[in-house]
Amino acid sequence: MIPIIKKDDKNLKIYFNYRYADAIESNTYEATYNGKPAITKFFINESCIKNKIEKMKLIKERCKNFDSVVTADAFIEENNKIIGYVMPKIDGIDVYDSTLSKIKKPDFLVWYLKELANNLKKLHNLGIINGDFISNVIVK
């Protein structure tokens, strides 16, 4: 079960002056939750958040023994309405040197992408399809 917390929960510190009325479809912000680096994501579209809630619950349920999956630590509520979620922040690994326009450590990158493919296959075998990969960000 993913807990629901109030936006002003004492364990959540969001590093911005968030106003729900200013949100676009979704906005992501850095935060701390329970003293650890976190990311918050807020949705203006109610159908987006309902879809995300169901997806997060499903992933939490199916992947409880899968240590490579990171999902919501808590849903964030304001005025008795879930408006977003908070999840652990994961530091990335920069594999591209933009000054030289080349990949750093190509052997590492090949290994990393194979690991990513193996983990995605495990998720697919659990019936979970991830649509959050974009061209410049890959999360392990």
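A distance of 8.5 Å separates CD1 of Ile76 from CD1 of Ile49, quoted to the nearest 0.5 Å. Note: Lys13 NZ to Tyr15 OH = 5.5 Å, rounded to the nearest 0.5 Å. Atom NZ of Lys55 sits about 13.0 Å away from atom CD1 of Ile53, to the nearest 0.5 Å.
Looking at Ile83, Val86, Thr40 one by one, the single match for side-chain contact (heavy atoms from CB on, under 4.5 Å) with Lys7 turns out to be Ile83.
For Ile4, the side chain to side chain contact (heavy atoms under 4.5 Å, CB included) partners two or more places apart in sequence, or in a different chain, are Phe75, Glu77, Ile82. Among residues two or more places apart in sequence or in another chain, the salt bridge (charged side-chain N to carboxylate O under 4.0 Å, His left out) test is passed with Lys50 by Glu46.
Side-chain contact between Asn11 and Ile5 is absent, with no heavy atoms from C-beta onward closer than 4.5 Å. For the pair Glu54 and Leu58, the minimum side-chain heavy-atom distance is 4.5 Å or more. Taking the side chain as every heavy atom from C-beta outward, Phe42 and Tyr85 never approach each other to under 4.5 Å. Contact check for Thr32 versus Pro37: no side-chain heavy atoms found under the 4.5 Å cut-off.
Each salt bridge (Lys or Arg N to Asp or Glu O under 4.0 Å) pair with one or both residues in residues 27-38, not counting sequence neighbours, appears once here: Glu30-Lys89.
When every heavy atom of Tyr33 is checked against every heavy atom of Ala74, the shortest pair comes out as OH-CB, 3.7 Å.
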**Message:** Checking Asn79 against Lys6 for the side-chain contact (heavy atoms from CB on, under 4.5 Å) test, could you report, in this order, the C-alpha distance in whole Å, the side-chain angles of both residues, the deciding distance, and whether it holds?
**Reply:** CA-CA 9 Å; Asn79 300 325; Lys6 299 284 185 193; over 6 Å; no
